[in-house]
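Take a look at the structure set out below.
Computed over heavy atoms, backbone and side chain alike; hydrogens, waters and symmetry mates excluded. Everything numeric here is computed off the predicted structure, so don't read it as measured data. Proteins get letters first, then strands, A, B, ... in listed order; numbering begins at 1 in each.
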Amino acid sequence: MSSRRSRSRQSGSSRITDDQIDDLVTKLQQLLPEIRNRHSDKVSAAKVLQDTCNYIRSLHREVDDLSERLSELLATTDSAQAAIIRSLLMQ
Amino acid sequence: MSPHHPNPSSLKSRFTTRFLRALTKINAQNPISSSSPREILQRFRRIKVAADKSMAYSVRSRRTWSRAMRWKLRSRSWRQASSVRRLKITTSCHQAIMKKTAHERENKTTTGEGVGFGVQTDELRELVPGGEAMDLCNLLDETAHYIKCLTTQVQVMRKIVDFYSP
């Protein structure tokens with residue numbers, strides 16, 4: 001991950017280097033489920049960001065969907081079970 | 001259910017505890033027998049807010065996105081209580097946060113455009129709470145943490161739903 005972009009723009013020091021950004025983008029790449037398995041560093045930063053946006057959107061949708069299912073399920077169950085769940089999940 | 005949460009003070013545990021507590025409260029407020037569509041919608045909204053709130057408050061380290069989310073949730077609930085005075089106080093707190101990140105905003109435009117992914121950066125700013133005010137470096141960092149928390153949230157909620165489903 002050398003300086004393949006030698007861009008020393010804006011008078012003097014740009015406080016944030018391209019390498020720093022590269023590192024952060026790589027870190028993001030590791031979190032994404034699809035790209036994670038492809039260990040090539042040829043994936044462009046734009047694609048990583050685009051996939052990140054899509055991934056965040058899908059996570060939001062999933063939270064909405066799960067909330068909806070929970071709201072329907074809560075209509076029919078007893079709240080005392082929450083304590084049981086908590087102990088099960090904590091073990 | 002195989003036990004694999006060894007750390008009692010992990011993000012997952014903190015979120016689970018908070019969220020379950022909130023769910024119990026929500027369930028207690030509404031009579032269990034009611035299941036009209038309108039009430040389900042109301043409960044859905046409350047659950048979603050509770051999930052986001054539990055997430056934002058379970059984050060231990062000071063993260064810009066969690067602060068922004070907390071501010072949003074607070075101002076949302078106070079707007080509903082229609083107390084203008086409290087809204088003014090939170091507005092000034094928000095202005096303080098925005099001022100702090102104002103110098104970061106100077107970096108925002110200079111570093112973002114040169115590297116060829118400005119459009120996606122803008123998209124990302126809309127998705128991550130508080131993203132508009134961060135510079136590119138912080139935005140990427142916050143995004144990584146935000147995704148980690150979102151996946152935890154989804155994991156825990158899925159487990160709860162599986163437990164409750166017949």
Tell me, side chain or backbone of A:D65 under 4.5 Å from chain B's heavy atoms, or both, or neither?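 Looking at A:D65, nothing touches chain B.
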Contact part of A:L28 toward chain B, heavy-atom cut-off under 4.5 Å: side chain, backbone, both or neither?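 Answer is side chain: those atoms of A:L28 sit under 4.5 Å from chain B.
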Group every Ile, Leu, Val, Met, Phe, Trp and Tyr by side-chain heavy-atom contacts under 4.5 Å, then state whether B:Y57 and B:V128 land in the same group.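 No, it is not one cluster - the side chains of B:Y57 and B:V128 are not joined through contacts under 4.5 Å.
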For the CZ atom on A:R69, are there more than 12 heavy atoms of other groups (residues, nucleotides or ligands in this structure) within a distance under 6.0 Å?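 No, the 6.0 Å shell around CZ holds no more than 12 heavy atoms from other groups.
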May I ask you to check whether B:N138 and B:D141 show a side-chain donor-acceptor distance below 3.5 Å?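 Result is no, nothing qualifies.
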Do the side-chain N and O atoms of B:S10 and B:S13 include a donor-acceptor pair separated by under 3.5 angstrom?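 Yes, a side-chain donor-acceptor pair sits under 3.5 Å.
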Quick check on B:Q153 against chain A: is it the side chain, the backbone, both or neither that has a heavy atom closer than 4.5 Å?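 Answer is side chain: those atoms of B:Q153 sit under 4.5 Å from chain A.
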